[in-house]
Amino acid sequence: MRNGRKKSLLDPIKQNLVERLSNTDVRIRRKMLRVLVVLVGLFLFYCFFSGSYGFIRIAKLHLQKSQLEERNHQLLVNLVDAELTRNRLHTDMKYIEHIARSRHYFSRPGEVIYRFKQ
């Protein structure tokens with residue numbers, strides 16, 4: 001007992017950390033610094049490569065976005081083609097005749113249709 005005070009179990013914890021580190025050996029301080037650098041590096045690695053904001057997730061989202069844009073472009077081309085076909089079917093009688101003859105093998109009276117196997 002110093003100065004009439006009892007020693008507490010928490011006295012070593014209450015000491016200033018900088019003071020304790022300055023009293024320790026240089027090797028121990030270097031080891032602690034290495035451990036701290038490794039822990040910070042692992043934390044940054046985890047943050048950059050996992051979770052919803054990681055590089056891997058972002059790369060997957062960019063790939064998915066480009067695939068969706070390509071699919072959207074294909075659907076738009078199909079829509080324009082269908083619109084043109086619809087308009088031709090409403091207005092162009094020669095196109096209707098062509099479809100009837102080529103797909104459904106229709107013929108005019110007195111015509112004979114021959115099909116050849118290839």
Side-chain angles (χ1 to χ4, degrees):
M1 284 188 358
R2 279 190 230 157
N3 299 334
R5 239 180 76 190
K6 289 185 178 180
K7 273 191 165 182
S8 170
L9 293 175
L10 299 178
D11 279 342
I13 297 173
K14 291 179 183 177
Q15 283 182 332
N16 188 358
L17 180 63
V18 176
E19 181 182 314
R20 284 188 1 214
L21 286 177
S22 65
N23 293 335
T24 59
D25 192 35
V26 173
R27 290 182 312 188
I28 295 173
R29 281 187 279 167
R30 284 185 184 160
K31 282 184 182 180
M32 290 176 70
L33 182 63
R34 285 183 189 148
V35 168
L36 180 66
V37 167
V38 167
L39 288 175
V40 168
L42 287 174
F43 175 73
L44 290 175
F45 182 79
Y46 174 77
C47 289
F48 286 136
F49 291 103
S50 66
S52 59
Y53 297 108
F55 289 132
I56 296 170
R57 172 104 167 111
I58 291 172
K60 285 180 184 177
L61 288 175
H62 280 291
L63 179 64
Q64 185 180 10
K65 179 185 173 190
S66 65
Q67 289 172 348
L68 289 173
E69 286 174 346
E70 179 65 30
R71 179 70 177 139
N72 188 26
H73 180 71
Q74 290 173 353
L75 290 173
L76 185 62
V77 167
N78 290 344
L79 179 66
V80 169
D81 187 42
E83 278 291 318
L84 289 174
T85 303
R86 185 180 71 89
N87 287 339
R88 285 184 76 185
L89 285 172
H90 281 294
T91 59
D92 192 1
M93 292 306 288
K94 289 191 181 215
Y95 183 69
I96 295 172
E97 182 180 348
H98 169 73
I99 296 293
R101 287 177 173 267
S102 63
R103 290 187 190 167
H104 304 291
Y105 305 109
F106 283 12
S107 65
R108 290 188 176 157
E111 285 184 338
V112 179
I113 296 178
Y114 296 100
R115 288 193 289 180
F116 298 101
K117 291 185 180 179
Q118 291 180 347

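For the single chain, residues carry numbers from 1 onward in sequence order. What you are looking at is a predicted structure, and each value in this text was computed from that prediction instead of being measured.
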Subject >> same_hphob_cluster(Leu33, Val38) at 4.5 Å side-chain heavy-atom cutoff >> reply: no

Original post:
Does Glu111 have any side-chain hydrogen bond (donor to acceptor under 3.5 Å, both in side chains) partners at least two apart in sequence or in another chain, and if so, which?
Top reply: Arg101

**OP:** Can you measure from CG (Asn78) to NE2 (His73) and round to the nearest 0.5 angstrom?
**Re:** 10.0 Å

Original post:
What closest approach, in Å, do Ile96 and Leu89 show between heavy atoms, and which atom pair accounts for it?
Top reply: CD1-O, 3.1 Å

**OP:** Would you check if His62 and Ile58 make a side-chain contact, meaning some heavy-atom pair closer than 4.5 Å?
**Re:** yes

**OP:** Treating Ile, Leu, Val, Met, Phe, Trp and Tyr as nodes and any side-chain heavy-atom pair under 4.5 angstrom as an edge, say whether Val112 and Phe106 lie in one connected cluster.
**Re:** no

Original post:
What distance separates Leu63 CG from Leu68 CG, expressed to the nearest 0.5 Å?
Top reply: 9.5 Å

**OP:** Measure the spacing between CG of Asp92 and OG1 of Thr85 and express it to the nearest 0.5 Å.
**Re:** 11.5 Å

**OP:** Step through the shown structure and confirm whether more than 12 heavy atoms of other residues, nucleotides or ligands are within 6.0 Å of CD on Glu83.
**Re:** yes

Original post:
Does Tyr95 have any ring-ring contact (aromatic ring centres under 6.0 Å, His included) partners at least two apart in sequence or in another chain, and if so, which?
Top reply: none

Subject >> Hydrophobic cluster membership, Leu76 vs Leu84, 4.5 Å side-chain cutoff >> reply: no

Original post:
With a 4.5 Å heavy-atom cut-off, do Leu75 and Leu79 have their side chains touching?
Top reply: no

Original post:
Taking the side chain as C-beta and beyond, is there a heavy-atom pair between Gln67 and Glu70 under 4.5 Å?
Top reply: no

**OP:** Take the angle between the ring planes of Phe49 and Phe55 and call it parallel below 30°, perpendicular above 60°, tilted in between.
**Re:** perpendicular

Subject >> Atom pair CZ (Arg34) and CG (Leu39), whose distance is rounded to the nearest 0.5 Å >> reply: 14.0 Å

